[in-house]
Amino acid sequence: MASEPSLPPIQVYDTLARSVHPLAVREEGKASVYCCGPTTYDVAHVGHARSAVAFDLLVRVLRHRGYTVTHVRNVTDVDDKILARAKETGEEPTALSARMAKLYDEDMEALGCVSPTHAPRVSETIPEIVDVIDRLIKNDAAYAVPGEGNRGGDVYFRVRAFRGYGKLSGRNIDEMRSGARIEVDERKEDPLDFALWKGAAEGEWAWDSPWGRGRPGWHIECSAMSAKFLGHGFDIHGGGMDLIFPHHENEIAQSEAAFPNQGNFANCWMHNGFVNIDKEKMSKSLGNFVTVRDALQRNDAEAIRLYLLAHHYRGPIGWEVEKLSDGRVVFPGVDDAEKKIDYLFTTLARVNELTVAVSSGELPKPYNEALASVNAARQEAFASLADDLAAANAIAALYRIAATLNEMLDLHVRKKGDRPAIGRVIGVASHALREIADVLGILRVSPTAYARRTRAQRLALLGRSESEIDGKVQERVDARAQKDFARADAIRKELETIGVELFDGADGTTWKVRK
RNA sequence: GGUGAGGUAGCCAAGUGGUUAGGCAACGGUUUGCAAAACCGUUAUACGCGGGUUCGAAUCCCGUCCUCACCUCCA
């Protein structure tokens with residue numbers, strides 16, 4: 001169902017098959033995607049952002065290729081960690097959850113992630129969760145253990161009863177026993193069994209169920225939610241690589257045991273790699289994390305997104321953190337990405353300022369070649385994205401197209417070349433640039449809006465005010481008017497040392513804060 | 001112990017058998033009062049190490065070293 005027949009079919013790496021294979025959807029022209037979202041006990045770090053961006057890219061690519069995508073991303077707003085954190089802060093767990101879920105949405109929106117079609121919450125899916133557990137008990141795949149005293153009962157999944165257990169993560173049950181540290185829990189029939197429902201004491205944060213008051217186990221919500229919105233056997237299930245075991249393995253076990261003889265729970269499994277700091281996985285438990293909000297304070301959202309996209313979604317990303325001598329913390333890799341975003345926006349700004357005649361006839365050779373190179377770059381970009389979301393190649397194509405645009409713009413500015421031919425190349429190239437950027441989810445605002453917001457952010461980081469810089473610039477403009485170039489150069493140098501670059505253009509002097 | 005990911009030029013990072021990845025930094029050129037931006041060129045016959053297959057290997061095979069992750073909460 002490609003909207004453009006010349007583009008190759010989409011293929012992705014499937015963790016279950018351990019290979020790249022063509023995407024097969026159960027319903028022509030439609031794609032169903034379920035992604036594991038956050039557990040809302042704290043703000044998101046850039047590892048969460050990476051996962052969201054990776055699957056946002058998937059959804060964008062699918063939509064660009066003509067698929068109608070139903071994208072479900074859950075919010076685990078009921079969890080022991082939320083309860084524990086709420087006890088620390090004195091907040092109601094539900095309030096903490098709701099607050100963090102809102103911040104997560106804000107962060108991901110800032111990073112250009114399109115809102116999922118459905119974002120179900122555990123707290124609003126309890127009846128469906130109870131229903132799946134009930135099915136599992138009826139299918140002998142799970143068993144209830146009565147609670148004691150005023151505690152509700154527990155329900156456990158009978159791992160050994162599910163024949164396919166381990167197929168996603170490549171583990172076998174007996175090898176796991178020797179390696180895993182398993183807490184002795186007398187209520188379980190087998191140490192491998194995991195909780196579907198956990199009984200809670202009277203007065204605790206809990207919901208009613210046939211087994212007494214309690215809360216759902218960690219994995220069951222995804223089985224219930226995906227069934228609710230996508231049904232059994234949906235197309236793609238996504239999440240971070242650390243979820244393969246046990247979370248996704250358990251989802252498969254639950255869903256396939258609840259709906260036996262109905263085929264695979266999900267047709268294809270995609271997993272994103274980690275964000276590392278100093279070669280170690282960024283994680284809450286290690287404490288080596290950078291929150292999305294930290295990152296957004298120091299860099300533009302577009303730059304963060306580009307940095308994440310510039311690495312293949314399955315590989316690791318090293319998030320560089322550098323402490324400057326003055327104590328400030330910077331992210332050099334993201335700064336680098338921000339320069340690239342600057343370049344692309346600057347190119348677009350030049351295009352926007354231009355009004356030019358457009359040739360419709362046969363183009364002279366050099367322009368024809370430029371046009372061919374743009375079209376080849378565009379083709380390459382979308383072919384790469386179709387090949388397991390190779391975004392880095394699409395980004396490379398972006399630079400190639402931008403270089404052609406700037407080359408044409410330079411010719412135009414210098415009043416050289418064939419203007420209508422230049423106009424035609426610029427028209428095609430800028431359209432291709434925007435189209436690719438759109439699928440990548442970058443260059444989402446106007447160049448002027450970007451310039452305005454990055455200037456404000458960079459000035460704030462430098463501790464300078466706009467009027468202060470404007471004053472200096474005006475001083476220099478006056479000096480130049482009097483041909484006092486020594487004074488003008490001194491001011492230029494002074495501004496340069498604090499990170500401000502000047503540009504003497506035909507319409508006067510403009511300035512920019514360097515990243 | 002089991003399972004998986006990765007080691008590519010100063011740095012970041014694509015690439016799974018044969019013609020350019022791309023970016024950053026540095027340097028040279030065009031342009032500029034000087035700069036910046038932009039464009040062109042150079043740095044770059046790079047692929048952890050040792051064997052092997054092949055006319056040809058970063059890419060396939062065997063061995064080996066190193067890093068990281070999962071097996072416990074984790075995107």
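In what follows, every heavy atom counts, from backbone to side chain, and hydrogens, waters and symmetry copies are set aside. By convention in this document, chain letters (A, B, ...) are assigned in the order of the sequence lines, proteins followed by strands, and residues within each chain are numbered from 1.
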Sugar-phosphate, base or nothing in reach of A/V275, heavy atoms under 4.0 Å: base
B/A14 versus B/C24 - spacing of their C1' atoms, nearest Å: 15 Å
Rounded interatomic separation in angstrom, taking OH from A/Y307 and P from B/A14: 10 Å
A/R455 to A/W511, cation-pi by 6.0 Å centre distance and 45° axis angle: yes
Sugar-phosphate only, base, or nothing, as touched by A/H312 at under 4.0 Å among non-hydrogen atoms: sugar-phosphate
P gap between B/A58 and B/A9, integer Å: 14 Å
Side-chain touch A/I129/A/E221, heavy atoms, less than 4.5 angstrom: yes
Partner of A/D107 by salt bridge (charged side-chain N to carboxylate O under 4.0 Å, His left out), out of A/R305, A/R293, A/K102: A/R293
Listed nucleotide nearest any side-chain atom of A/R171, set B/U30, B/C70, B/A21: B/C70
Centroid-centroid distance, A/H219 to A/F194, less than 6.0 Å: yes
Face-to-face stacking of A/F485 with B/G33, centres under 5.5 angstrom, angle under 30°: yes
Presence of donor-acceptor pair under 3.5 Å, side chain of A/R476 and base of B/G33: yes
Sugar-phosphate only, base, or nothing, as touched by A/S169 at under 4.0 Å among non-hydrogen atoms: sugar-phosphate
Selection from B/A35, B/A75, B/G33 that lies nearest to any side-chain heavy atom of A/F503: B/A35
Ion pair A/R187/A/D154, N-O distance below 4.0 Å: yes
N or O in side chain of A/N393 less than 4.0 angstrom from B/A21 OP1/OP2: no
Side chain A/R400 and base B/G22 donor-acceptor under 3.5 Å: no
Inter-nucleotide C1' distance (B/A44, B/A5), Å rounded: 28 Å
Heavy-atom donor-acceptor pair, A/R50 side-chain to B/A75 base, under 3.5 Å: no
Pairwise C1' distance for B/A13 and B/G17, with rounding to whole Å: 22 Å
Separation of atom OH in A/Y343 from atom P in B/A25, rounded to whole Å: 13 Å
Touch class at under 4.0 angstrom, heavy-atom based, for A/G273 against every strand present: base
Rounded distance in Å - CG (A/N406) to C1' (B/A36): 14 Å
Test: A/R424 cationic atom under 6.0 Å from A/Y367 six-membered ring centre, within 45° of axis: no
Rounded P spacing from B/C47 to B/A26 in Å: 25 Å
Short side-chain N/O contact from A/Y399 to OP1 or OP2 of B/A13, under 4.0 Å: no
Touch class at under 4.0 angstrom, heavy-atom based, for A/G315 against every strand present: nothing
Euclidean distance, atom CE of residue A/M241 to atom P of B/U3 [Å, nearest integer]: 17 Å
Approximate separation, where rounding is to 0.5 Å, of A/I10 CD1 and A/F382 CZ: 11.0 Å
Which nucleotide in B/C70, B/C68, B/U31 has an atom nearest any side-chain atom of A/F245: B/C70
Closest listed nucleotide, where the reference is the side chain of A/E496 and the choices are B/A35, B/A38, B/C73: B/A35
Proximal nucleotide (of B/C24, B/A35, B/A5) relative to the A/K339 side chain: B/C24
Gap between atoms CZ and C1', on A/F194 and B/U72 respectively (whole Å): 15 Å
C1' gap between B/G23 and B/G18, integer Å: 26 Å
Proximal nucleotide (of B/A75, B/C73, B/A25) relative to the A/S285 side chain: B/C73
Nucleotide nearest A/H48 when distance is taken to its side chain, options B/C39, B/A75, B/G15: B/A75
Base partner of B/U32, which must satisfy Watson-Crick or wobble distances under 3.5 Å: none
Complement of B/A9, any strand, by Watson-Crick or G-U distances under 3.5 angstrom: none
Rounded distance in Å - CZ (A/R492) to C1' (B/U32): 10 Å
Side-chain-base donor-acceptor pair under 3.5 Å for A/N172 and B/G2: no
Side chain of A/K279 - closest among B/A36, B/U67, B/A21: B/U67
Heavy-atom donor-acceptor pair, A/D80 side-chain to B/C73 base, under 3.5 Å: no
Protein-nucleotide distance (A/L389, atom CG; B/A14, atom C1'), rounded to Å: 15 Å
Interatomic distance, A/E320 CD vs B/A25 P [rounded to whole Å]: 14 Å
Parallel, tilted or perpendicular, as decided by the 30° and 60° cut-offs, for the rings of A/H271 and A/W269: parallel
